[in-house]
Student: 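Pasting in a structure now, in structure tokens, and then I'll have a few things to ask.
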Amino acid sequence: MLQFQFVSDLEAQLRERFPGKAPADWQILPERTPENMPGELTVNTFRFARVFGQAPDKIAAAAAEILARHPDIETVETIKAFVNVTVRPAALFRDTVADGRKLLAAVTLPEAQRRKVLIEFSAPNTNKPQHLGHVRNNTIGMAVAGLLGRVGHEVIPINLVNDRGIHICKSMLAYLRFGNDVTPESAKVKGDHLVGSFYVKYAQALAEEIKALRAARPELAAKTDEELFLETEIGAAAQEMLRRWEAGDPEVRKLWQMMNSWVLAGFDQTYQRMGIHFAHTYYESETYLLGKDLIADGLARGVFRRRADGAVTVDLGKLGQKVVLRSDGTSVYITQDIGTTVKKYHDYHPDEQIWVVGDEQNLHFQMLFAILKQLGYAWADGLSHLSYGMVNLPSGRMKSREGTVVDADDLFDEMVALAREACQERADGETAAAELDRRAEIIGMGALKFMLLKFNAKTTILFDPSASIRFEGDTGPYVQYACARIASIERKAAERGIVLDAAAPDWSLLARSEEKLLALTLWFYPQAAQQAAERRDASGLVEYLLDLGKSFNRFYRECPILGADDPAIARVRAALAARTRDVLVDGLKTLTIGVPDAM
RNA sequence: GCCCCGGUAGCUCAGAGGAUAGAGCAGCUGCCUUCUAAGCAGUUGGUCGUGGGUUCGAUUCCCGCCCGGGGUGCCA
């Protein structure tokens with residue numbers, strides 16, 4: 001990690017003054033001094049006075065005394081146990097931005113802390129296109145994968161496609177009955193959307209049949225729609241299709257293959273547009289039988305118990321009892337997950353496995369992890385559920401069957417179209433249409449991803465399509481705009497024949513408060529990225545990038561670069577701007593958000 | 001009933017034991033012949049759901065209660 005010289009020296013001298021007290025890994029992390037307080041950086045001795053066995057104000061006094069003599073320190077002021085300092089400009093820039101490569105390299109963790117992490121996200125069903133809920137999952141998944149990779153972990157992003165089951169058969173059955181052999185090509189519709197339309201048709205047909213059934217047989221009034229499913233013709237037919245699928249019926253399998261390939265081709269487009277890449281995709285059709293042998297094994301070892309009715313259960317203490325095998329010997333959801341988790345472990349031998357899955361499955365994962373621990377897998381401690389909240393609409397929850405969803409592809413188009421309008425307005429007449437399209441894609445998708453990542457994953461998001469997504473304020477485009485301004489300055493400099501990077505910049509020429517604040521903010525980048533990675537929470541990095549963008553825009557306003565009186569000041573300010581751009585681009589790229597050259 | 005998550009400015013959210021609780025949006029005031037105004041500066045707005053407790057110090061930790069969401073399947 002990048003450290004200020006005065007902080008390292010302070011650590012050493014405090015250790016000397018109180019020998020044998022502080023542990024080897026103890027270190028001081030200076031904080032930014034609040035704006036209405038004197039100073040730039042604060043050493044908060046409340047945080048570590050205890051390690052020296054001293055009262056905070058004693059340590060603060062000692063620290064202040066040490067720092068007052070330090071050549072890098074301009075002023076020291078102690079308030080309670082806070083030691084506020086201002087740093088001499090030359091030292092401040094030397095320790096923060098002077099070495100840009102070192103700043104970016106400081107994000108990477110030491111080798112001993114790097115791990116192999118498998119992260120599973122997206123996990124779509126192949127009966128319908130993806131909606132905003134999936135987009136949140138995908139965005140969080142790839143951002144966290146990016147963060148973990150950026151700090152040096154070996155990351156294996158994987159997908160598990162749920163490509164079998166009754167919901168798939170529903171789409172298939174509706175296609176057989178109402179499809180007239182339509183294909184994505186003949187209908188000129190993306191494959192996942194085409195298949196999804198049959199899923200909706202099935203739901204409609206089923207609803208009508210249930211309604212008719214209820215009208216004909218009033219004694220069924222107390223039963224739920226779900227309980228009546230097999231009473232309907234179309235319900236029984238779907239169940240029969242599932243049975244034939246499981247039996248390997250060639251006709252059913254052929255239809256299944258065809259429709260799945262349509263959906264997967266559609267998903268590929270969606271993933272590509274989002275910038276998602278998986279190291280491997282598992283298919284539930286190939287893994288759904290896994291786990292049963294593990295249940296048999298656990299039964300033999302007394303981890304599980306067979307109940308009188310034949311079902312196999314496990315006692316999970318506070319979490320309750322859980323059935324892991326039905327009385328007819330077939331798997332339940334958790335049986336499959338036990339099997340695939342063990343498979344994933346054997347395929348990759350990761351130190352950690354992370355699942356990005358909605359919070360309605362919190363209990364499921366608690367149970368899954370508890371079962372794997374009871375089965376005795378030492379690696380079960382490395383399993384975690386990255387749980388995130390729903391995306392609700394003003395009208396309530398999104399429901400595919402009722403068609404009340406914000407479709408992913410439609411949303412992307414809408415975002416990009418809005419960005420395109422804004423680009424058009426700002427562009428000079430000479431900018432080619434293709435270039436505007438390119439910018440709009442980066443800005444529109446960036447705005448969407450940034451918005452989704454800005455929330456803490458746990459919070460339930462209320463998404464109002466009519467209010468749409470903003471491009472101003474705390475947004476992706478705000479950060480991208482700072483980058484575009486920097487790129488523009490560099491272009492202008494080139495046009496005017498000003499050479500900005502000829503010699504090593506003279507950092508001692510900088511001393512304005514906006515310049516110092518910008519450099520200090522840049523210094524925090526490695527910490528912000530590492531903390532976000534550690535917490536598996538991209539919102540921390542998002543907040544940081546907004547903060548950096550703000551620091552830059554203030555600097556931009558107050559400290560002219562090309563207009564600086566002294567060419568040497570222009571050079572060093574340009575270097576500071578370039579450092580800013582490098583960090584912003586690095587941070588956005590980590591979150592799979594791009595940066596346009598101009599906006 | 002039990003379990004999990006949330007309740008902070010009009011709205012959307014930060015804040016993971018420390019200073020006088022922050023930001024964006026919305027509202028109001030200014031700033032584009034000056035490196036891009038997707039920007040900047042200023043301003044209005046808060047009993048941090050509520051009642052206790054621990055602590056030198058609590059929005060933050062613990063307990064009770066209220067409100068909202070999710071879960072509590074031999075569904076996934």
Side-chain angles (χ1 to χ4, degrees), chain A residues 31 33-37 42 44-47 55-57 79-82 84 123 125 162 165-167 226 284 307 309-313 318-320 322-337 358-364 366 387 389-390 392 397 419 422-423 425-428 443 447 451 454-456 458-464 467 470-482 484-493 496 498 531 535 537 539-540 542-543 546-547 549-550 552-554 556-564 570 573-574 577 598-599:
Chain A
E31 299 160 24
T33 308
E35 271 185 58
N36 42 8
M37 295 284 179
T42 297
N44 180 353
T45 62
F46 279 116
R47 291 198 186 282
D57 56 339
I79 303 174
K80 299 188 196 176
F82 298 98
N84 299 325
N125 294 334
N162 301 305
I166 191 72
H167 51 293
E226 222 170 293
E284 195 186 303
R307 242 167 29 189
D309 61 6
V312 178
T313 67
K318 277 200 314 204
L319 298 177
K322 177 70 190 169
V323 169
V324 292
L325 212 57
R326 293 193 184 98
S327 48
D328 66 2
T330 57
S331 301
V332 290
Y333 175 44
I334 206 157
T335 321
Q336 293 175 42
D337 259 3
D359 60 10
E360 71 272 13
Q361 293 197 35
N362 285 352
L363 181 60
H364 169 79
Q366 283 179 36
S387 163
M390 319 224 110
N392 289 337
R397 280 180 79 155
C423 287
E425 280 171 25
R426 284 152 225 268
D428 54 41
I443 295 165
M451 183 278 286
K454 193 175 172 298
F455 296 92
N456 179 311
K458 275 195 287 192
T459 65
T460 305
I461 296 180
L462 183 82
F463 181 83
D464 186 349
R470 295 177 211 289
F471 292 80
E472 283 152 32
D474 275 355
T475 64
Y478 176 89
V479 179
Q480 292 170 325
Y481 186 64
R485 280 180 147 176
I486 296 164
S488 170
I489 290 169
E490 291 178 350
R491 273 195 303 273
K492 282 263 156 59
R496 299 179 194 176
I498 301 169
Q531 184 176 279
R535 294 180 179 177
D537 176 12
S539 70
V542 164
E543 291 290 338
L546 287 167
D547 191 37
K550 188 170 213 173
F552 173 77
N553 278 329
R554 282 183 186 158
Y556 178 89
R557 169 82 176 188
E558 297 301 326
C559 307
I561 297 171
L562 299 180
R573 282 184 181 161
M599 289 175 73

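Naming convention: chains lettered A, B, ... in sequence-line order (proteins, then strands); numbering from 1 in each chain. Worth saying up front: this structure is predicted, and the values here are computed from it rather than measured.
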Student: Using the C1' atom as the point on both nucleotides, what is the distance between B:rU43 and B:rC48, in whole Å?
Tutor: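 Roughly 23 Å separates the two C1' atoms.
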Student: Which value, in whole Å, describes the distance between the P atoms of nucleotides B:rG57 and B:rG15?
Tutor: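 It works out to 25 Å between them.
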Student: Which part of the nucleic acid, if any, lies within reach of A:Thr460 when heavy atoms closer than 4.0 Å are counted: base, sugar-phosphate only, or nothing?
Tutor: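 The residue A:Thr460 makes sugar-phosphate contact but no base contact.
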Student: Hey, does A:Ala577 reach any base, or is it just sugar-phosphate, or nothing, if we go heavy atoms under 4.0 Å?
Tutor: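 It contacts nothing in the nucleic acid.
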Student: If the C1' atom of B:rC31 is compared with that of B:rA16, how far apart are they to the nearest Å?
Tutor: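 Pairwise C1' distance, B:rC31 against B:rA16, rounds to 39 Å.
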Student: Check side-chain contact (heavy atoms from CB on, under 4.5 Å) between A:Arg470 and all other residues, then give those that pass, not counting sequence neighbours.
Tutor: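 For A:Arg470, the residues satisfying side-chain contact (heavy atoms from CB on, under 4.5 Å) (neighbours in sequence not counted) are A:Thr475.
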Student: Okay, side chain of A:Arg307, backbone of A:Thr313: is any donor-acceptor separation there less than 3.5 Å?
Tutor: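 Looks like no, no N/O pair under 3.5 Å.
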Student: Answer with base, sugar-phosphate or nothing: what part of the nucleic acid does A:Asn84 contact at a heavy-atom distance below 4.0 Å?
Tutor: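 Counting heavy atoms under 4.0 Å across all strands, the contact made by A:Asn84 includes a base.
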Student: C1' atom, B:rG6 versus B:rU44: distance in rounded Å?
Tutor: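 Taking atom C1' in both B:rG6 and B:rU44, they lie 29 Å apart.
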Student: Are A:Asn553 and B:rC40 close enough that a side-chain N or O sits under 4.0 Å from OP1 or OP2?
Tutor: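 Checking B:rC40 against A:Asn553, a side-chain N or O does come within under 4.0 Å of OP1 or OP2.
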Student: Would you measure the distance from the P atom in B:rU34 across to the matching atom in B:rU12 and give it in whole Å?
Tutor: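 Rounded to whole Å, the distance is 40 Å.
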Student: Name the nucleic acid region contacted by A:Ala484, choosing base, sugar-phosphate or nothing; use a 4.0 angstrom heavy-atom cut-off, strictly under.
Tutor: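 If one applies the 4.0 Å heavy-atom cut-off, A:Ala484 turns out to touch a base.
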Student: So, is the end of the A:Arg485 side chain (NZ or CZ) under 6.0 Å from the ring centre of A:Phe552 and within 45° of the ring's axis?
Tutor: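 Checked: cation-pi criterion not met.
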Student: Check the geometry between A:Phe46 and B:rG18 and answer yes if their rings are stacked (centres below 5.5 Å, planes below 30°), otherwise no.
Tutor: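 It does: the ring sits over the base of B:rG18.
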Student: Can you work out whether A:Asn362 or A:Arg554 has the more 5'-proximal nearest nucleotide on RNA chain B?
Tutor: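 Upstream on the strand: A:Asn362.
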Student: Sort by first number and list every stem of RNA chain B: at least 3 consecutive Watson-Crick or G-U wobble pairs, both distances under 3.5 Å.
Tutor: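 Listed by first number, the stems are B:1-7 with B:66-72, B:10-13 with B:22-25, B:27-31 with B:39-43, B:49-53 with B:61-65.
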Student: Quantified in whole Å, what is the P atom distance between nucleotide B:rG42 and nucleotide B:rC3?
Tutor: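 Nearest-Å result for B:rG42 against B:rC3 at atom P: 49 Å.
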Student: Please tell me which of A:Phe82 and A:Gly549 maps to the more 5' nucleotide of RNA chain B, matching each residue to the nucleotide holding its nearest heavy atom.
Tutor: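 Upstream on the strand: A:Phe82.
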Student: Which is true for A:Ile166 with a 4.0 Å heavy-atom rule: it touches a base, it touches only sugar-phosphate, or it touches nothing?
Tutor: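 Counting heavy atoms under 4.0 Å across all strands, no contact is made by A:Ile166.
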Student: Can you tell which of B:rC35, B:rA19, B:rA38 lies closest to the side chain of A:Thr42?
Tutor: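 The nucleotide sitting nearest to the side chain is B:rA19.
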Student: List for me each residue that meets side-chain contact (heavy atoms from CB on, under 4.5 Å) alongside A:Asp464, sequence neighbours excluded, and say none if there are none.
Tutor: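 Partners of A:Asp464 under the side-chain contact (heavy atoms from CB on, under 4.5 Å) test: A:Pro394, A:Ser466, A:Ala467.
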Student: Work out how far the C1' atom of B:rU50 is from that of B:rC11, and round it to whole angstrom.
Tutor: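 The same atom, C1', in both gives a distance of 23 Å.
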Student: What nucleic acid atoms does A:Arg426 come within less than 4.0 Å of, heavy atoms only: base, sugar-phosphate, or nothing?
Tutor: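 Base, at least one base heavy atom under 4.0 Å.
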Student: In whole angstrom, give me the gap between the P atoms of B:rA38 and B:rA26.
Tutor: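 The same atom, P, in both gives a distance of 14 Å.
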Student: May I ask you to say what A:Lys550 touches in the nucleic acid, namely base, sugar-phosphate or nothing, with a heavy-atom cut-off under 4.0 Å?
Tutor: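 The residue A:Lys550 makes sugar-phosphate contact but no base contact.
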Student: Indicate for each nucleotide in nucleotides 70-76 of chain B, in 5' to 3' sequence, whether protein heavy atoms under 4.0 Å reach the base (B), only the sugar-phosphate (S), or nothing (-).
Tutor: SSSBBSB
Student: In terms of side-chain heavy atoms of A:Glu472, which of B:rG18, B:rU20, B:rG39 is nearest?
Tutor: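 Side chain of A:Glu472 sits closest to B:rG39.
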Student: If you go through the side-chain atoms of A:Asp474, does one of them form a donor-acceptor pair with the base of B:rA14 closer than 3.5 Å?
Tutor: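 Donor-acceptor pair under 3.5 Å: no.
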Student: Identify, with sequence neighbours excluded, every residue that meets ring-ring contact (aromatic ring centres under 6.0 Å, His included) alongside A:Phe82.
Tutor: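 For A:Phe82, the residues satisfying ring-ring contact (aromatic ring centres under 6.0 Å, His included) (neighbours in sequence not counted) are A:Phe46.
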Student: What's the base orientation of B:rC25: syn (chi within 90° of 0) or anti?
Tutor: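 B:rC25: anti glycosidic orientation.
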Student: For A:Leu363, which residues count as a side-chain contact (heavy atoms from CB on, under 4.5 Å) partner, sequence neighbours excluded?
Tutor: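 A:Leu319, A:Gln366, A:Met367.
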